[in-house]
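Quick notes on the structure that follows.
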2 protein chains.
Amino acid sequence: MVDIHALAETRLRADGQRYTRNRRTIVEALDRAGGPLSLPQLLHRHRQLAQSSAYRNLAILEAAGVVHRIVTNDGFARFELAQALTEHHHHHRICSTCGSVEDFTLPAALEDSLEKALRRVATKSDFQVASHQLDLIGVCPGCS
Amino acid sequence: MVDIHALAETRLRADGQRYTRNRRTIVEALDRAGGPLSLPQLLHRHRQLAQSSAYRNLAILEAAGVVHRIVTNDGFARFELAQALTEHHHHHRICSTCGSVEDFTLPAALEDSLEKALRRVATKSDFQVASHQLDLIGVCPGCS
DNA sequence: CTTGTAATGAGAACTACTCTCGTTTAGGTT
DNA sequence: AACCTAAACGAGAGTAGTTCTCATTACAAG
């Protein structure tokens with residue numbers, strides 16, 4: 001169990017940024033949510049956040065490697081804590097009806113061989129891999 | 001080797017749509033491109049296409065299962081022929097610098113076990129899987 | 001306390017995409 | 001062929017998620 005806020009502050013500092021109250025609020029909210037949040041969802045949970053500041057801070061947190069942005073085709077971007085902070089590599093189930101995004105994990109053995117295969121694919125094509133992203137597209141229980 | 005246009009026409013007809021010249025042009029372009037195209041790229045290749053019609057037809061082709069839409073975080077959606085038409089299951093390498101999207105495939109054995117694992121994950125959570133999507137995020141040779 | 005710099009937030013601006021609506025085209029019937 | 005009806009077209013207006021502007025506020029250092 002790492003101290004998420006300490007790590008967030010470290011990463012922001014390395015980027016020449018401060019760990020302000022608003023940014024702490026956002027990190028806290030994403031940590032508590034237990035899954036990706038859209039901006040409306042984030043603002044609904046914390047009314048004191050201004051929309052423009054929230055967007056700006058999410059961009060800054062993303063650049064610092066604290067937050068990860070997920071784009072789906074329902075128009076709303078989703079935000080979650082970077083996996084390095086949560087120490088929990090996972091993937092996403094995306095509902096094509098309501099747009100909700102939830103986490104899931106693969107068996108460790110499969111994840112390993114997947115990782116290796118992706119590295120092989122990447123080196124063969126001179127592509128510098130930063131990360132991979134595996135999404136399940138379908139219909140969630142609530143929408144079916 | 002299937003006839004892509006025949007299949008496209010069948011799928012459109014099943015949706016109560018016609019396979020018009022503009023739609024054929026789009027399918028042709030996506031087939032020739034050998035990879036996903038953004039709308040600007042598509043219009044650049046075929047100047048006679050109107051923007052609004054191209055967007056509308058891409059949406060119709062997507063609804064009919066002829067075209068697949070890929071959203072990235074560079075703002076531009078990409079379009080490619082549905083894998084059922086190309087008979088070629090593949091994944092995407094997305095360059096985080098220039099936004100370009102290219103295809104790649106996994107070893108068949110790995111793809112199989114991945115498929116099985118995803119089905120297991122899905123049934124366990126009452127999620128009705130329509131498809132999966134695996135992306136490599138990183139920097140392409142041209143941008144590094 | 002003072003001073004410089006970064007962060008804030010209300011609203012304007014941006015832009016990828018969708019919608020509107022008058023015109024054109026195409027498929028079916030006589 | 002000529003007609004008719006409905007679909008498709010396309011130029012431009014509209015929408016909406018996101019980003020930018022800039023005046024104000026908060027913070028950190030000396």
Side-chain angles (χ1 to χ4, degrees), chain A residues 5 8-9 11-29 36-44 46-64 66-80 94 98-101, chain B residues 5 8-29 36-44 46-64 66-79 94 98-101:
Chain A
H5 293 296
E9 181 159 14
R11 296 204 169 194
L12 280 172
R13 285 231 129 83
D15 243 35
Q17 302 284 347
R18 297 175 187 164
Y19 194 42
T20 63
R21 179 182 331 192
N22 278 345
R23 292 170 191 175
R24 175 179 283 267
T25 302
I26 291 173
V27 168
E28 192 95 20
L37 292 182
S38 66
L39 193 107
Q41 289 173 326
L42 178 63
L43 294 186
H44 186 75
H46 296 275
R47 305 295 177 88
Q48 79 277 13
L49 290 175
Q51 189 190 49
S52 59
S53 299
Y55 272 121
R56 175 163 22 79
N57 283 327
L58 283 167
I60 287 168
L61 289 165
E62 189 189 13
V66 176
V67 159
H68 177 60
R69 179 190 306 238
I70 307 160
V71 301
T72 68
N73 38 23
D74 75 338
F76 290 91
R78 317 268 157 165
F79 301 90
E80 67 179 357
I94 303 176
C98 69
S100 71
V101 181
Chain B
H5 293 295
E9 181 159 14
T10 303
R11 297 204 167 194
L12 280 172
R13 286 229 129 85
D15 243 35
Q17 302 284 348
R18 298 176 186 163
Y19 195 42
T20 63
R21 179 182 331 190
N22 278 344
R23 292 171 190 173
R24 175 179 283 267
T25 301
I26 291 173
V27 168
E28 190 95 19
L37 291 182
S38 65
L39 192 105
Q41 290 172 325
L42 178 62
L43 294 186
H44 186 75
H46 295 275
R47 306 295 178 86
Q48 79 276 15
L49 290 176
Q51 189 191 48
S52 59
S53 299
Y55 271 121
R56 175 163 21 81
N57 283 328
L58 283 166
I60 287 167
L61 289 165
E62 188 189 12
V66 176
V67 158
H68 177 58
R69 179 190 306 241
I70 308 161
V71 301
T72 68
N73 38 22
D74 75 338
F76 291 92
R78 315 271 158 163
F79 301 90
I94 302 177
C98 70
S100 71
V101 181

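Naming convention: chains lettered A, B, ... in sequence-line order (proteins, then strands); numbering from 1 in each chain.
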Atom pair distance, as rounded to whole Å: OH in B:Y19 and C1' in C:dA26
17 Å
Quick check for you: among C:dT8, D:dC9, D:dG17, whose closest atom lies nearest to any side-chain atom of A:F76?
D:dG17
Between the CD atom in B:Q51 and the CG atom in B:L42, the distance rounded to the nearest 0.5 Å is 11.0 Å
Check each residue of residues 48-58 of chain B for a non-hydrogen atom within less than 4.0 Å of any atom in DNA chain D, then write out the ones that pass by number, or none.
B:A50, B:S52, B:S53, B:R56, B:N57
Can you measure B:R24 atom CZ to C:dA26 atom C1' for me and round it to whole angstrom units?
15 Å
Atom CG of B:N22 and atom P of D:dA7 are separated, to the nearest Å, by 18 Å
Of all residues at least two apart in sequence or in a different chain, which pass the salt bridge (Lys or Arg N to Asp or Glu O under 4.0 Å) check with B:R69?
B:E62
What is the separation between atom CG on A:L12 and atom C1' on C:dA6, rounded to the nearest whole Å?
13 Å
Please encode protein proximity along nucleotides 23-30 of chain D as a string of B, S and -, counting only heavy-atom distances under 4.0 Å.
----S---
Rounded distance in Å - CG (B:N73) to C1' (D:dT19):
15 Å
Rounding to 10 degrees, work out the angle separating the end axes of the helix from C:dC1-D:dG30 to C:dT30-D:dA1 (five pairs an end).
30°
Where do B:R24 and B:E28 land on the salt bridge (Lys or Arg N to Asp or Glu O under 4.0 Å) test, with the steps shown first?
CA-CA 6 Å; B:R24 175 179 283 267; B:E28 190 95 19; 5.0 Å; no
On DNA chain C, does the nearest nucleotide to A:R23 precede the nearest nucleotide to B:R69 from the 5' side, or the other way round? Give the residue.
A:R23
Atom CD of A:Q17 and atom P of C:dT5: how far apart are they, to the nearest Å?
16 Å
Which value, rounded to the nearest 0.5 Å, describes the distance between A:Y55 atom OH and A:L43 atom CG?
8.0 Å
Touch class at under 4.0 angstrom, heavy-atom based, for B:A77 against every strand present
sugar-phosphate
side-chain contact (heavy atoms from CB on, under 4.5 Å) involving B:N73 - partner list, sequence neighbours excluded:
A:V71
Any side-chain heavy-atom pair of B:L39 and B:L58 under 4.5 Å
yes
Using a distance-only test with no angle check, is there a side-chain donor-acceptor pair under 3.5 angstrom linking B:T20 and B:N22?
no
Sorted by chain and residue number, the salt bridge (Lys or Arg N to Asp or Glu O under 4.0 Å) partners of A:R23 (sequence neighbours excluded) come out as none
